[in-house]
Amino acid sequence: MKVLLFGIAKDIAGAPSITLDAAPEKVAVLREQLYQRYPRLRELRSCMIAVNKVYAADGDTLQPGDEIAVIPPVSGG
Amino acid sequence: MDVLIDIKEEITVQEAVDFVTTPDCGGIAVFVGTVRNATKGKPVQRLFFECYTPMALLELEKIARHTLTEMGIRKIAILHVSGDKLPGETVVVIAAASPHRAAAFAACQYAIDTLKETVPIWKKEYFEDGEVWVAAHP
């Protein structure tokens, strides 16, 4: 499963995207995997997950083909 | 078409105003966001805007649709830049048209406030002695 990273999350991971071996069942599991791999994500003011370009809740389920993105605190405008 | 949404390297106030100008609207309000030359007293040399463009366009569309269905707006344009920007340069333009001015002012306020909360765009500030992703940390 491919995961896109933006802003400071991209800097923390050192890459604009990463690939997970398997699709976690839920967003919460994905989040925990990301936190274990990149502990500095925990230090951010917030860290949202988007699934198929829509903000997801921790309880949402994931499918193998989903487009996942890590959304650190936004600062447009 | 009542909504113009775009993310690109160069935007102008005029293209937004031109889009929303329509004979049935007597009020057009415009918000223009530019690069401030300092943050907390420290001179800013430039900004860099990164966008998750496909999702950002969807979120901007949601904001625009809300002003049409809930706020009495007839036409709205929301334009945002990506890439490098220097102090004074325009980074966001919102133009909203309605028959009367109050709705247009309110829509601009709603659109910029919501954009800053929900749209996946990030800015990095470059100072003389380093750089920082804005608002990333508590």
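Chain naming here is simple, since letters A, B, ... match the order of the sequence lines and numbering starts at 1 in each. Computed from a prediction, not measured in an experiment: that's the story for all the values here. Note that these values count all heavy atoms, side chains included, but never hydrogens, waters or copies made by symmetry.
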Side-chain ion pair, B:Arg46 and B:Glu89, N-O less than 4.0 Å: no
Chain A contact via B:Phe49 - side chain, backbone, both or neither, heavy atoms under 4.5 Å: side chain
Residue among A:Gly76, A:Ala9, A:Ser75 with most heavy-atom pairs under 4.5 Å to chain B: A:Ser75
Side chains of B:Glu9 and B:Ser82 in contact at under 4.5 Å (non-hydrogen atoms): yes
Top contributor to chain A contacts, counting heavy-atom pairs under 4.5 Å, from B:Val91, B:Leu58, B:Val92, B:Thr118: B:Thr118
B:Phe19 CZ to B:Asp6 CG distance, which is reported to the nearest 0.5 Å: 11.0 Å
Exercise: do B:Thr12 and B:Glu15 side chains pair donor with acceptor under 3.5 Å: yes
Gap between atom NE2 of B:His80 and atom OG1 of B:Thr90 - 0.5 Å precision: 11.5 Å
Atom group of A:Asp11 that falls short of 4.5 Å from chain B, counting heavy atoms: side chain
Side chains of A:Val51 and A:Asp60 in contact at under 4.5 Å (non-hydrogen atoms): no
A:Asp58 bridged to A:Lys26 by N-O distance under 4.0 Å: no
Heavy-atom check, side chain of A:Val70 versus side chain of A:Val3, under 4.5 Å: yes
Structural part of B:Glu59 lying under 4.5 Å from a heavy atom of chain A: side chain
Neighbours of chain A found in residues 124-138 of chain B - heavy atoms under 4.5 Å: B:Lys124, B:Trp133, B:Val134, B:Ala135, B:Ala136, B:His137, B:Pro138
